[in-house]
Enquirer: 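I'd like to ask some things about the structure below.
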Amino acid sequence: MTDNEHEIEQPDERVPKRVIGTPAPGTSMLGTAESAEADQDVPGVTLQDPAKARKAEKIVALCFTITFLAAIAFIISYVYFQVGSPEATGTSNLALGSTLTIAILGLAVGIVIWVRQIMPKYSLIQERHTMASEEADRDVVADTFLRGANESGFVKHKLLRRTLLLAAAPLGLVPLVLLRDLDNNRMPGARFNDQLRHTVWGEKTKEGKPLRLVVEGTGQPIRAADFNSPGGILSVVPEGYEHDLNALAKATLILIKFRPEEIKGGTRLNWTHDGIVAYSKICTHVGCPAALYEQNTHHILCPCHQSTFDAADGAKVIFGPAARPLPQLPISVDAEGFLIAQGDFEVPVGPSYWERGDAEAAAREKGGQA
């Protein structure tokens, strides 16, 4: 019992009123299987032969299942096949490309068969109306949407619906898996910056000797006496890293032979040997290989964005979007006359990144190249 004279609020009034346009509780936006059967009995709509539709349904379900298995195989291949050497990278690319192709092809073929052999055929006439839609037009749009959903068989064919969702689920994970490449080094930030800063040219052999320069593709060490034709150019890599793609992405060089009188002041003469100069092959714009060389002008051209460098003058930029010269590598010869690296590059190779400015400032303080 209570003495409160105020009228007690009825429970029904506490329930928010349903907003116009939202479905009533207990109803489905896509309708039901029974409503799909009824809505397909529309003038002008030709239903597919039921027997052929059932056969097509099995084929479509098979395609979606193949898509599911191929997407799973893509993820497994990404984890199992690691890149590094040319052979391993080729195997990884083949596995990833083939599985992703099969997955997308299976999904596409399944949807095409679904549309052509299961959905009814009909003609759609679209009339022009004013931009402002009337309430009746909105009802027509809603009816059309429901009719389209019913005609697609998404409600009726449970097997297709389930296998389609099964196929789409792993495909949605594929981009997320590829994000792993953003941090495949799995090392602290300081070590990661140090890895960007340096190349393998600063390392030694097992015997503690400097790395030799070898011809890219053949692995043949280069005797300075054999590279004696002015104007000649070679693409070279560090000995022992001929098949390490991660190392070669930063350490590949172009080797150019000059006459002594052709070398200008921008080139560090104490880093050359008998007119032979070594520059990074990685363009300082966006990292493309800059390997087109014009002998008469001594210009190195990057084919991607036409950045041009003067090889006789410290590879300084004379045209194009690159902002920095190609880094020069200090070279010399060992006791047998083979060209060797005296050490690593003084400044980072390749395009800009967040720590590169600090490294170049340190090089400028030492009076070096930046």
Enquirer: So, for L269 and I263, which heavy atoms are closest and what is the spacing to 0.1 Å?
Expert: CD2-CG2, 3.5 Å
Enquirer: Evaluate the side-chain proximity of T284 to P327: yes if any heavy-atom separation is below 4.5 Å, no if none is.
Expert: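 Side chain of P327 against side chain of T284, heavy atoms only: contact under 4.5 Å found.
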Enquirer: S280 side chain to L326 main-chain N or O, any donor-acceptor pair under 3.5 Å?
Expert: no
Enquirer: Before you tell me yes or no, could you show the steps for K209 and D334 under side-chain contact (heavy atoms from CB on, under 4.5 Å), namely the whole-Å CA-CA distance, both residues' side-chain angles and the distance that decides it to 0.1 Å?
Expert: CA-CA 9 Å; K209 299 180 180 178; D334 59 15; over 6 Å; no
Enquirer: Is there a side-chain contact between R324 and V317 in this structure, where contact means two heavy atoms from C-beta onward sitting under 4.5 Å apart?
Expert: no
Enquirer: Please check if the side chain of E242 supplies one atom and the backbone of E239 the other of a donor-acceptor pair under 3.5 Å.
Expert: no
Enquirer: So if you build clusters from Ile, Leu, Val, Met, Phe, Trp, Tyr with side-chain heavy-atom gaps below 4.5 Å, do V214 and F227 land together?
Expert: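 Different clusters: V214 never reaches F227 through Ile, Leu, Val, Met, Phe, Trp or Tyr contacts under 4.5 Å.
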Enquirer: For H298 and Y293, take the angle between the two ring planes, folded into 0 to 90°, and tell me which bin it lands in: parallel under 30, tilted 30 to 60, perpendicular over 60.
Expert: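 Parallel.
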Enquirer: Let me confirm one number: the CD-CG distance from Q220 to D226, rounded to the nearest 0.5 Å.
Expert: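 These two atoms lie 9.0 Å from each other.
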Enquirer: Just verifying a value: how many Å separate Q117 CD and R54 CZ, rounded to the nearest 0.5 Å?
Expert: 14.0 Å
Enquirer: Is the backbone N or O of K316 less than 3.5 Å from a side-chain atom of D310, with the two atoms forming a donor-acceptor pair by type?
Expert: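 No; zero donor-acceptor contacts below 3.5 Å.
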Enquirer: Could you walk me through whether F154 and L164 pass the side-chain contact (heavy atoms from CB on, under 4.5 Å) test, one step at a time?
Expert: CA-CA 10 Å; F154 192 83; L164 174 61; 4.2 Å; yes
Enquirer: Measuring from E262:CD to K264:NZ, what's the distance to the nearest 0.5 Å?
Expert: 9.5 Å
Enquirer: Walk me through whether Q342 and W201 qualify under side-chain contact (heavy atoms from CB on, under 4.5 Å).
Expert: CA-CA 8 Å; Q342 297 186 57; W201 287 113; over 6 Å; no
Enquirer: Please test L176 against L173 for side-chain contact (heavy atoms from CB on, under 4.5 Å), starting from the C-alpha separation and ending with a verdict.
Expert: CA-CA 5 Å; L176 299 179; L173 296 176; 4.0 Å; yes
Enquirer: Ignoring hydrogens, what is the shortest heavy-atom contact between A278 and L255? Give both atom names and the distance.
Expert: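 Looking at all heavy atoms of both residues, the closest pair is CB-CD1, 3.6 Å.
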Enquirer: Please name the pair of heavy atoms, one in I102 and one in A70, separated by the smallest distance, quoted to 0.1 Å.
Expert: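 Heavy atoms of I102 and A70 come nearest at CG2-CB, 3.8 Å.
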Enquirer: Decide whether I282 and I300 are clustered together by the hydrophobic rule: side chain heavy atoms of Ile, Leu, Val, Met, Phe, Trp, Tyr closer than 4.5 Å, transitively.
Expert: no
Enquirer: Between the main-chain N or O of V155 and the side-chain N or O of R161, is there a donor-acceptor pair closer than 3.5 Å?
Expert: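 Judged by distance alone, yes, a pair lies under 3.5 Å.
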Enquirer: Would you kindly confirm whether I340 and W271 end up in one hydrophobic cluster when ILVMFWY residues are joined by side chain heavy atoms under 4.5 Å apart?
Expert: no
Enquirer: Do L248 and P238 come close enough that some side-chain heavy atom pair is under 4.5 Å?
Expert: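 Contact flag for L248/P238 side chains = yes.
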Enquirer: With side chains defined as the heavy atoms from C-beta onward, is the minimum distance between F64 and L166 less than 4.5 Å?
Expert: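 Counting from C-beta outward, F64 and L166 never come under 4.5 Å.
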Enquirer: With rounding to the nearest 0.5 Å, note down the distance linking CG in L160 to CD1 in I118.
Expert: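 If I round to the nearest 0.5 Å, the distance is 4.5 Å.
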Enquirer: Under 3.5 Å, side chain of S92 to main-chain N/O of A88, donor-acceptor pair present?
Expert: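 No, the answer is negative, given that no donor and acceptor are paired below the 3.5 Å cut-off.
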Enquirer: Going by ring pair (Phe, Tyr, Trp, His ring centres under 6.0 Å), name the residues that satisfy it together with F68, two or more places apart in sequence or in a different chain.
Expert: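 Result, ring pair (Phe, Tyr, Trp, His ring centres under 6.0 Å) vs F68: none returned.
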Enquirer: I want to check something: taking the side chain as every heavy atom from C-beta on, are V236 and I222 in contact at a cut-off of under 4.5 Å?
Expert: yes
Enquirer: Measuring from atom OG of S235 to atom CG of L253, what distance do you get when rounded to the nearest 0.5 angstrom?
Expert: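 Taking OG in S235 and CG in L253, the distance rounds to 8.0 Å.
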Enquirer: Give a yes or no on whether the backbone of G90 and the side-chain of N93 come within a donor-acceptor separation of less than 3.5 Å.
Expert: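 No; judged by distance alone, with no hydrogens or angles, the pair does not exist.
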Enquirer: Of all the heavy-atom pairs spanning I75 and P170, show the shortest one and how long it is.
Expert: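 Minimum heavy-atom separation between I75 and P170: CD1-O, 4.4 Å.
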Enquirer: How are the rings of H305 and H285 set to each other: parallel, tilted or perpendicular (split at 30° and 60°)?
Expert: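 Perpendicular.
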Enquirer: Do you know the tightest heavy-atom contact between A290 and C283?
Expert: CB-CB, 4.4 Å
Enquirer: Find the distance between CE (M119) and CD1 (I111) and round it off to the nearest 0.5 Å.
Expert: 11.5 Å
Enquirer: Check E151 with K156, please: is the shortest side-chain N to carboxylate O separation under 4.0 Å?
Expert: no
Enquirer: Same hydrophobic cluster for I276 and L234, using side-chain heavy-atom links shorter than 4.5 Å among ILVMFWY?
Expert: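 Yes, one cluster joins them.
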Enquirer: Do the side chains of F345 and Y279 get nearer than 4.5 Å, heavy atoms only?
Expert: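 Sidechains of F345 and Y279: no contact.
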Enquirer: Consider only side-chain N and O atoms of S229 and K257, and report whether a donor and an acceptor are under 3.5 Å apart.
Expert: no
Enquirer: Would you check if the side chain of D344 reaches a backbone N or O of H198 as a donor-acceptor pair within less than 3.5 Å?
Expert: no
Enquirer: Are the sulfur (SG) atoms of C304 and C288 separated by under 2.5 Å?
Expert: yes
Enquirer: Is any side-chain heavy atom of K281 closer than 4.5 Å to one of E216?
Expert: yes
Enquirer: Measuring only between side-chain heavy atoms, which start at C-beta, is L96 closer than 4.5 Å to F81?
Expert: no
Enquirer: Any donor-acceptor pair under 3.5 Å linking the side chain of Q328 with the backbone of R268?
Expert: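 The answer is yes, because a donor-acceptor pair under 3.5 Å joins these two groups.
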Enquirer: Any idea which heavy atoms bring L329 and G343 closest together, and the distance?
Expert: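 That closest heavy-atom pairing would be CD1-O, 3.3 Å.
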Enquirer: Judged by atom type as modelled, is there a donor-acceptor pair below 3.5 Å linking the side chain of T65 to the main-chain atoms of A61?
Expert: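 Side chain of T65 to backbone of A61, a donor-acceptor pair under 3.5 Å: yes, one is there.
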Enquirer: Do any pairs count as a ring-ring contact (aromatic ring centres under 6.0 Å, His included) and have a residue in residues 309-341, sequence neighbours left out, and if so which ones?
Expert: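 Every candidate ring-ring contact (aromatic ring centres under 6.0 Å, His included) pair involving residues 309-341 fails, so no pair, neighbours aside, qualifies.
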Enquirer: Do V60 and I66 sit in one hydrophobic cluster, given that two such residues count as connected whenever their side-chain heavy atoms are within less than 4.5 Å of each other, even indirectly?
Expert: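 No, V60 and I66 fall in different hydrophobic clusters.
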Enquirer: Looking only at atom types and distance, does a side-chain atom of T205 sit under 3.5 Å from a main-chain N or O of L211, one as donor and one as acceptor?
Expert: no
Enquirer: Tell me whether the count of non-hydrogen atoms from other residues, nucleotides or ligands lying under 6.0 Å of CZ in R116 goes above 12.
Expert: no
